[in-house]
Amino acid sequence: MSGQSKDQILEQIAGLKNEMQESIAAASSAEALQDLKVRFLGKKGTLTGILKGLASLSGEDRGAVGKTANELKLWYEGANEKKEGELRAARMASLATEEFIDLTPLPSGLVMGDSPARPGTLHPTTILQRELEQIFTKMGFAIADGPEVETDFYNFEALNFTDDHPAREMQDTFYTKDGTLLRTHTSSVQVRTLQKNGAPLRIVAPGRVYRYEEIDASHEHTFYQMEGMVIDKKVNVANLLYLMQTLLKEVFRRKVTVRLRPGYFPFVEPGFELDMQCEICKGKGCAVCKHSGWVEVLPCGLVHPNVIRLAGFDPNEWQGAAFGLGLTRLVMLRYGIEDIRLQMNPDIQFASQFTRGIQLQEAL
Ligand code: DAH
């Protein structure tokens with residue numbers, strides 16, 4: 001390594017630049033570029049090797065060659081970045097063509113091959129939601145609604161989750177850049193509706209909710225719940241249980257096996273978990289019930305006095321019962337759907353299995 005002249009080293013640097021130029025031009029992926037960077041500029045890279053030869057030069061020559069080497073390094077980094085940008089743009093362009101989906105709707109009544117176009121069908125979630133709405137309307141409940149992009153106040157704070165409340169960790173939340181969030185539960189309609197409509201109140205609020213979840217057979221980032229709330233002058237656990245039993249009897253149209261466990265939710269006290277024996281495996285254990293034989297369907301409880309107070313009412317005067325029905329989960333249980341991910345599947349073949357021949361017109 002010793003004994004190289006300044007000119008020899010400069011020549012090596014010039015040679016290296018050519019090699020770099022050609023290699024960058026030939027690189028066809030971000031990984032290839034990364035490998036090149038290691039090869040040229042890494043600890044054991046070519047440039048580093050060349051620079052080791054500087055030791056044999058005089059101070060002045062070393063300065064001059066060092067400067068050239070430095071310039072080469074800067075040039076390389078610029079060229080590398082430019083190429084990275086080009087590769088990225090090329091990738092985007094190819095995605096746009098390779099993964100193009102034609103969203104142009106087919107003209108209605110189009111005949112495909114010999115078979116006439118299939119009529120639309122209602123999604124099982126819609127079927128069950130409408131059924132539940134009817135059951136509750138008969139019991140004197142109103143249907144309430146609330147926004148899916150919600151404030152921290154209605155989703156958490158008004159429901160007795162304090163800022164540092166560990167229970168906030170129970171639900172992984174999607175936040176937006178401006179500080180709002182995608183509601184993690186339909187409980188967010190509780191205080192909204194109470195403030196708007198006042199007490200006494202009986203509502204159910206079906207809707208879509210979002211969680212930042214790892215997706216598997218029983219977890220989705222987007223699913224449906226139906227919140228229920230009764231606010232009146234005297235509400236107790238017996239009222240709550242009667243409501244829950246009536247509901248399940250109507251949904252399953254037969255006796256279902258349930259169990260009640262204490263459950264913790266900041267906005268109810270006492271709080272319960274109502275579990276139903278898994279309909280899919282009949283209690284034997286499967287992926288849906290996480291091999292426990294039971295599925296949580298109805299967390300519920302008596303509305304916490306703080307929630308009533310935060311909505312502007314006197315908890316000594318008004319009490320409440322609430323439940324958060326897992327609509328998506330209930331659909332799975334009722335229809336024996338083993339994988340929650342199927343429910344977000346836009347394939348009409350999936351949805352059409354549940355109407356059992358009912359045409360859209362009739363179902364509506
Ligand atoms: N909001 C809760 C959740 O999504 C469910 C819930 C639990 C709702 C208890 C309630 C309740 O109204 O009383 O996890």
Side-chain angles (χ1 to χ4, degrees), residues 1-104 149 152 168-169 171-182 184 210-222 339-341 344-346:
M1 208 183 294
S2 64
Q4 293 195 91
S5 72
K6 172 189 169 192
D7 288 344
Q8 279 174 325
I9 300 181
L10 284 177
E11 210 170 292
Q12 283 176 5
I13 293 179
L16 179 60
K17 184 169 180 179
N18 281 338
E19 194 187 335
M20 285 171 162
Q21 230 156 359
E22 281 164 19
S23 310
I24 289 187
S28 58
S29 68
E31 294 75 45
L33 271 184
Q34 188 55 33
D35 291 346
L36 285 180
K37 204 165 176 179
V38 173
R39 190 173 115 206
F40 292 128
L41 305 187
K43 261 198 193 131
K44 292 187 181 150
T46 329
L47 186 63
T48 320
I50 294 176
L51 291 178
K52 284 193 181 137
L54 290 184
S56 62
L57 298 182
S58 72
E60 198 184 315
D61 285 352
R62 205 183 301 153
V65 177
K67 189 162 165 270
T68 313
N70 218 19
E71 279 165 6
L72 176 66
K73 195 167 165 216
L74 287 176
W75 169 86
Y76 184 84
E77 276 160 1
N80 180 61
E81 204 170 302
K82 184 159 166 264
K83 179 74 182 199
E84 271 174 356
E86 285 168 13
L87 287 174
R88 213 175 302 127
R91 166 118 186 87
M92 285 317 198
S94 75
L95 275 183
T97 45
E98 276 165 25
E99 300 194 6
F100 174 74
I101 301 169
D102 187 356
L103 294 176
T104 322
V149 179
D152 183 90
R168 280 185 187 236
E169 307 281 315
Q171 302 179 349
D172 294 312
T173 312
F174 285 114
Y175 286 94
T176 65
K177 281 194 185 136
D178 64 6
T180 52
L181 48 84
L182 296 187
T184 57
Y210 304 86
R211 304 250 175 113
Y212 185 52
E213 291 266 18
E214 196 76 57
I215 295 171
D216 61 28
S218 49
H219 295 90
E220 252 289 8
H221 49 65
T222 305
D339 193 322
I340 193 171
R341 290 166 290 198
M344 293 300 282
N345 185 342

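All residue numbers refer to positions in the sequence shown, counting from 1. Below, each value reflects all heavy atoms present in this structure, side chains not excepted, and no hydrogens, waters or symmetry copies.
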Student: Are a donor atom and an acceptor atom from the side chains of D178 and T176 found within less than 3.5 Å of each other?
Tutor: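 Per modelled atom types, D178 and T176 side chains form a pair under 3.5 Å.
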Student: Output, in order, the C-alpha distance, side-chain angles, deciding distance and verdict of side chain to side chain contact (heavy atoms under 4.5 Å, CB included) for V149 and L182.
Tutor: CA-CA 5 Å; V149 179; L182 296 187; 3.9 Å; yes
Student: Nearest 0.5 Å, what's the CZ-OG1 distance between F174 and T180?
Tutor: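 Taking CZ in F174 and OG1 in T180, the distance rounds to 13.5 Å.
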Student: For K83 and A25, indicate whether the former's side chain and the latter's backbone hold a donor-acceptor pair under 3.5 Å.
Tutor: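 Yes; at least one donor-acceptor contact below 3.5 Å.
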Student: Would you give the length of the straight line joining atom CG of L72 to atom CG of L51, rounded to the nearest 0.5 angstrom?
Tutor: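 Nearest 0.5 Å value for the CG-CG distance: 9.0 Å.
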Student: Measuring only between side-chain heavy atoms, which start at C-beta, is L41 closer than 4.5 Å to M20?
Tutor: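 Yes. Closest side-chain heavy atoms under 4.5 Å.
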Student: Work out which heavy atom in D216 is nearest to a heavy atom in I340; give both atom names and the distance.
Tutor: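 Looking at all heavy atoms of both residues, the closest pair is O-CG2, 3.4 Å.
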Student: Sequence neighbours excluded and cut-off under 3.5 Å, please list the side-chain donor-acceptor pairs for residues 86-101, or say none.
Tutor:
from, atom 1, to, atom 2, distance (Å)
S94, OG, R91, O, 2.9
T97, OG1, A93, O, 3.4
T97, OG1, S94, O, 3.0

Student: Is a donor on one side and an acceptor on the other found under 3.5 Å between the side chain of R211 and the backbone of T184?
Tutor: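 Here the side-chain-to-backbone pair exists.
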Student: If you take all heavy atoms of I24 and A79, which pair is closest and at what distance?
Tutor: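 Heavy-atom minimum between the residues: CD1-CB, 3.8 Å.
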Student: Begin from the C-alpha positions of K37 and E84 and carry the test salt bridge (Lys or Arg N to Asp or Glu O under 4.0 Å) through to its verdict.
Tutor: CA-CA 12 Å; K37 204 165 176 179; E84 271 174 356; 5.7 Å; no
Student: Closest approach of Q8 and Q4, non-hydrogen atoms and distance?
Tutor: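 Minimum heavy-atom contact is OE1-CA, 3.2 Å.
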Student: For Y76 and L33, work out which heavy atoms get closest and say how close.
Tutor: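 Answer, listing the atom of Y76 first, then L33: OH-O, 4.4 Å.
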Student: Can you see which heavy atom on S23 is nearest to which on L36, and at what distance?
Tutor: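 Scanning both residues, the minimum pair turns out to be O-CD1, 3.5 Å.
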Student: Would you check if E220 and R341 make a side-chain contact, meaning some heavy-atom pair closer than 4.5 Å?
Tutor: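 Yes, at least one pair of side-chain atoms sits under 4.5 Å.
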Student: Please report the interatomic distance CG(D172) to CD(E213), rounded to the nearest 0.5 Å.
Tutor: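 If we round to the nearest 0.5 Å, D172:CG and E213:CD are 6.5 Å apart.
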Student: So how far is it from L57 CG to I9 CD1, rounded to the nearest 0.5 Å?
Tutor: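 Reported to 0.5 Å precision, the distance equals 4.0 Å.
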Student: Taking all non-hydrogen atoms of both residues into account, name the closest pair between E214 and H219 and its distance.
Tutor: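 The answer is O-CB, 3.5 Å.
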Student: Counting only heavy atoms from other residues, nucleotides and ligands, does the tally under 6.0 Å from OH of Y212 exceed 12?
Tutor: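 No, not enclosed.
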Student: With Y210, which residues qualify under ring-ring contact (aromatic ring centres under 6.0 Å, His included), at least two apart?
Tutor: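 None.
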Student: Can you confirm whether more than 12 heavy atoms, excluding those of E81, are under 6.0 Å from its CD atom?
Tutor: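 No, the 6.0 Å shell around CD holds no more than 12 heavy atoms from other groups.
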Student: Holding to salt bridge (Lys or Arg N to Asp or Glu O under 4.0 Å), I want the full list of residues that pass it with E11, two or more places apart in sequence or in another chain.
Tutor: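 Once residues adjacent in sequence are excluded, E11 has no partner under the salt bridge (Lys or Arg N to Asp or Glu O under 4.0 Å) criterion.
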Student: Any side-chain heavy-atom pair from L10 and V65 closer than 4.5 angstrom?
Tutor: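 Sidechains of V65 and L10: in contact.
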Student: Side-chain contact test, heavy atoms from C-beta onward, threshold under 4.5 Å: evaluate it for T48 versus K43 and give yes or no.
Tutor: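 They are not in contact (no side-chain heavy atoms under 4.5 Å apart), so the answer is no.
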Student: For the side chain of S56 and the backbone of S5, is there at least one donor-acceptor N/O pair under 3.5 Å apart?
Tutor: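 Such a contact is absent between S56 side chain and S5 backbone.
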